[in-house]
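Bear in mind that the values here come from a model prediction, so they are computed numbers and not experimental data. In the text below, chain A, chain B and the rest are named by the order of the sequence lines, each starting its count at 1.
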Amino acid sequence: MSSSNVTSSVLHLEARAAELNGVVTDLMYTYDNFEAWTKPQKPTFNLKFWAFSPVIKRVPKGVVLIIGPFNYPLTSTVCYLGAAIASGNACVVKMSELTPNVSATLTELLPKYLDQDPFRIVNGNIPETTALLQLQWDHIVFTGSASVGRVVAAAAAKHSTPTTLELGGQNPVFCDPKMDMYLTARRLLWSKAMNAGQTCTVVNHIFIPYEAQDALAEAFVKVNNEFYPEGPEKATISTLVTDVAYKRVKGLLEKTKGEVVCGGQYDEGRRFIAPTVLKNVALDDAVMASEIFGPILPIVPIKNFQDALDWTNAHGHPLSAYVFTDDPKFKEYIFNNTQSGQFVVNDTGVQAVITGLPFGGVGESGYGTVKGQYSFETLSHLRATCESPRFVDTIMGWRFPPYTDAKVKQAAALKPTIPPLNPGWGSYLRSWMPF
Amino acid sequence: MSSTNQLPIQTASVLKYTPVDEIKQIREDVRATFDSGRLRPLQYRKEQLLRLVHLFEDNYSRFEEACKIDLGRHKLEATAYELDMVVTELMYIYNNFETWAQPQKPPFDIKSWAFSPLIRKVPKGVVLVIGPFNYPVNSAISFVGGAIATGNACVLKMSELVPHISALVSELFPKYLDQDLFRVVNGAVRETTALLDLQWDHIVFTGSPAVGKIVSAAAAKHLTPTTLELGGKNPVFCDPAMDPYVTARRLLWAKTINAGQTCTAPNHVFIPQEAQEALSNAFVKVYKEFYPDGAENAVITNLVNDSAFNRVKGLLEKTRGEVVCGGQFDVKRRWIAPTVLKNDIQEAIDFTRSQPHPLSLYVFTDDSDFEEQIFSQTQSGQFVRNDCCVQASIQGSPFGGVGQSGHGMMFGRWTFDTLSHFRPTASSPRITDTLLGWRFPPYTDSKVKQAAVMKPRVPALNPGWGEWLRSWTPF
């Protein structure tokens, strides 16, 4: 499968760079910063309420349930476990049964490192997950498909449990014909090849005007040869997670009416499908029916970008929207005419590793934000506190019955000044005065 | 006005229900206008917000009249706890939302600076606001203001239990606001069900936990995020050393405004046995101060409808507690239910913990240790010392529940952030492929090493002296 001079560490580049290092980085970031995040917060000073000493205290919600996916089985569970710990919540993690070795390893190690009284792992399939979802939780973080997301949300609704749904979508790339095709192809093929395209932020398909399609296709051929000088079958490359997934993606390759630009090799025995670029894919092609979640990259040629935008807006907001361009107006045009969890220019996936950016979807791609301090905030309850000093009854004595005209007037003193709807000169001048 | 006011006649002629078959079209229309981008410019949102403020400002006396008919409210309660509050909140949003709408840069990080990361606040689409009967304007239209400020279209479902107020809002909306973006839907269960069958981009619901679950279940079908502002049995923990007069005065006020139909109203009071007498006497004194001519002769808010009246009257009949003061009823009544739990405040805490988390939790004490004991052993939406209900007016403080009292934080900037989608953007410069070239196949040992450079230093679990010294160095 791999050539003789590849060491075992190479087999692990994706595991480390895309998963393990990311988990450690996120946990260390939380470790280094959470004490600051837990500090009580004072709202901006306001003379009207200063006397009430308002303070916002971040407290835990209780017990958090995390349901993890198969594609990044550690990133999308352990990072949230870290946030649960930091925010003071107990936590139950349901690992994916589709990655049995990863899940079993974590299940074996967690009790050796963490307090088993507040932090536990549950493993299983549908019956076990159903049993979990019937119980009351104080927050559920779910990463997975939109259809299972609906099941989780419905179960949570029975207990009024707040949820965070990290789903996916058919993340589009809008490619400016003037863009550097080599750079575009390189970054996009990398995105699709990583984890065999099983990434929530992966590029799903590329929209490009007809006249530029061939240039992009040629660039893909070149990049494909650079990535896999001996051919993708001989490279150390990620594969589909299960036989079911393999058959589904292979089926797409068979049904598509697009033409293969590069790739197309497969090996059922090890669930391998080479990163495959297709061109001349129509909007109603089999590969465009739903999120591919596999190593097929369709190029969809279009007459104008409005067609691409209309299609995108009719198919559920994706988790990520990508633009490859150097033109700020084009960037803004796509930004303003789409809705997506994130929006990235000239690359893919990087948004998930930039510190300080929230990560989450909108519409069909989910809701709620995670990552770093956002996970901490999500799993915290903001318990607002204040206290009323004695003298409040002197200055706010109007609140106590019996109600009199004088009290009505005193109450009205708190009302703010309201600018007129159609201000004239006098109003304009007056708006400069403090009374 | 005397207690012989008649019950308002709730007929269909006062409040016209929206035909069920029009509801879907209303949502499509406002969604289409949202898609056209009309609400993107901040200036347009600002105009609409100011028009919404004037909707109230120009019609105060009509609203006061509607409040009197639907809820029997005195002008002071109608203004101070409803109209002034919504106008204050809308003006606060009006004056600040342009700042809140500005893109936000995450804290500087050398590793990602080159990607120009930015968090842009964008609208979600169409927000559905379902309002309650108890503060039908304040607890609904402040969220409409939030929707406008965040650039969302909005459909508002007003409560049918307050027909005059809802009819007034329905009449005035088209005169002040852009009807292609902001609409009112009226009705009862049928119309609300029709609304909940549709897809929304966010639902803000204020009401009971039971209906909250129905809203959540409907939202789940469309993966719609929700904000649930529910209620709970808000307990009061009373330190026996506390001044009973101050306590009784503030508690009776909180319980009597809006006839106790306030999500943050104190539900019951825990006090050690030995101090109950002093507190009861204080209540009697305060009661006389509030209603020198007797409560029947004061202008006092009603229960909202017959079924609410019968429910509360039923409680008065079934209780085994002794009436301290009040107890009169006609169509109006107010009462307070002190509950005594032995001598032990811990028992009160344990009882509270066995109940669903309330929206608000109150402590009357001057003792910080007593306060901390209650705070650390309970969970609640908010926590207030020595008063009730005031927390909802404090600008800059988030308002929301936990557990059965709801989820999602609202008011002011919190409403803005809740109804916005935080859409992060990043842009990858050309040099990325040089610095991060290790990411491209073919994978080699040296690329694995380069990738590992991104990993942070991990401190030892059981650091010795050497480790401690080393932690002061940057490598």
Residue part contacting chain A, namely of [X], when any heavy atom lies under 4.5 Å:
X	value
B:Asp366	side chain
B:Val390	side chain
B:Lys449	neither
B:Phe422	both
B:Tyr60	side chain
B:Pro356	neither

What pairs of residues pass the salt bridge (Lys or Arg N to Asp or Glu O under 4.0 Å) test when at least one of them lies in residues 396-407 of chain A, not counting sequence neighbours?
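Qualifying pairs, neighbours excluded: A:Asp393-A:Arg399, A:Arg399-B:Asp387.
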Proximity breakdown for [X] and chain B, heavy-atom pairs closer than 4.5 Å:
X	value
A:Gln351	neither
A:Lys409	neither
A:Tyr367	side chain
A:Ala321	side chain
A:Thr338	both
A:Leu167	side chain
A:Leu382	both
A:Val59	side chain
A:Val350	side chain
A:His317	side chain
A:Pro54	side chain

Describe, in one word, how the ring planes of B:His74 and A:Tyr403 are oriented to each other, choosing from parallel (under 30°), tilted (30 to 60°) and perpendicular (over 60°).
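If you compare the ring of B:His74 with that of A:Tyr403, the planes turn out tilted.
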Are any of the side-chain heavy atoms of [X] and [Y] separated by less than 4.5 Å?
X	Y	result
A:Tyr228	B:Pro441	yes
A:Arg383	B:Ser380	yes
B:Arg430	A:Asn346	yes
B:Gln391	A:Cys386	yes
B:Pro442	A:Pro229	yes
A:Asn313	B:Asp35	no
A:Leu421	B:Arg51	yes
B:Arg439	A:Arg187	yes

Heavy-atom pairs under 4.5 Å with chain A, option from B:Ser112, B:Pro225, B:Ala218, B:Ser216 with the top count
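Highest number of heavy-atom pairs under 4.5 Å: B:Pro225.
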Which residue out of B:Asp84, B:Val384, B:Ile394 racks up the most heavy-atom pairs below 4.5 Å with chain A?
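That would be B:Ile394.
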Residue among [options] with most heavy-atom pairs under 4.5 Å to chain B:
options	answer
A:Pro43, A:Gly149, A:Ser340	A:Ser340
A:Gln373, A:Glu364, A:Lys42, A:Gln41	A:Glu364
A:Phe335, A:Phe52, A:Trp398	A:Phe335

Has the side chain of [X] got a donor or acceptor atom that lies under 3.5 Å from a matching backbone atom of [Y]?
X	Y	answer
B:Gln395	A:Asn46	no
B:Arg249	A:Phe400	no
B:Gln379	A:His381	no
B:Arg423	A:Gly341	no
B:His54	A:Pro419	yes

Would you say [X] has more than 12 foreign heavy atoms packed within less than 6.0 Å of its [atom1]?
X	atom1	answer
B:Phe108	CZ	yes
B:Lys213	NZ	yes
B:Lys75	NZ	no

Lys NZ or Arg CZ of B:Lys455 over A:Tyr29 ring: under 6.0 Å, within 45°:
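No, B:Lys455 does not sit over the ring of A:Tyr29.
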Relative to A:Phe343, does B:Arg120 satisfy both conditions: NZ or CZ under 6.0 angstrom from the six-membered ring centre, and within 45 degrees of the ring's axis?
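B:Arg120 over A:Phe343 ring: no.
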Take B:Asp433 and A:Leu183 through the test side-chain contact (heavy atoms from CB on, under 4.5 Å) and record every step on the way to the result.
CA-CA 9 Å; B:Asp433 291 349; A:Leu183 176 124; 3.7 Å; yes
Show your working on side-chain contact (heavy atoms from CB on, under 4.5 Å) between B:Thr432 and A:Asp347 and close with a plain yes or no.
CA-CA 9 Å; B:Thr432 310; A:Asp347 215 326; 4.1 Å; yes
Run the side-chain contact (heavy atoms from CB on, under 4.5 Å) test on B:Ile119 and A:Leu357 for me, step by step, so that the C-alpha distance in whole Å, both residues' side-chain angles and the decisive distance to 0.1 Å come before the verdict.
CA-CA 7 Å; B:Ile119 303 166; A:Leu357 285 186; 3.7 Å; yes
If you look only at pairs with a residue in residues 378-400 of chain B, which of them pass as a ring pair (Phe, Tyr, Trp, His ring centres under 6.0 Å), with sequence neighbours excluded?
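Checked against ring pair (Phe, Tyr, Trp, His ring centres under 6.0 Å) - neighbours excluded - the pairs reaching residues 378-400 of chain B are B:Phe375-B:Phe383, B:Phe399-B:Phe411.
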Distance-only donor-acceptor check, side chains A:Glu387 and B:Asn386, under 3.5 Å:
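Short answer, no.
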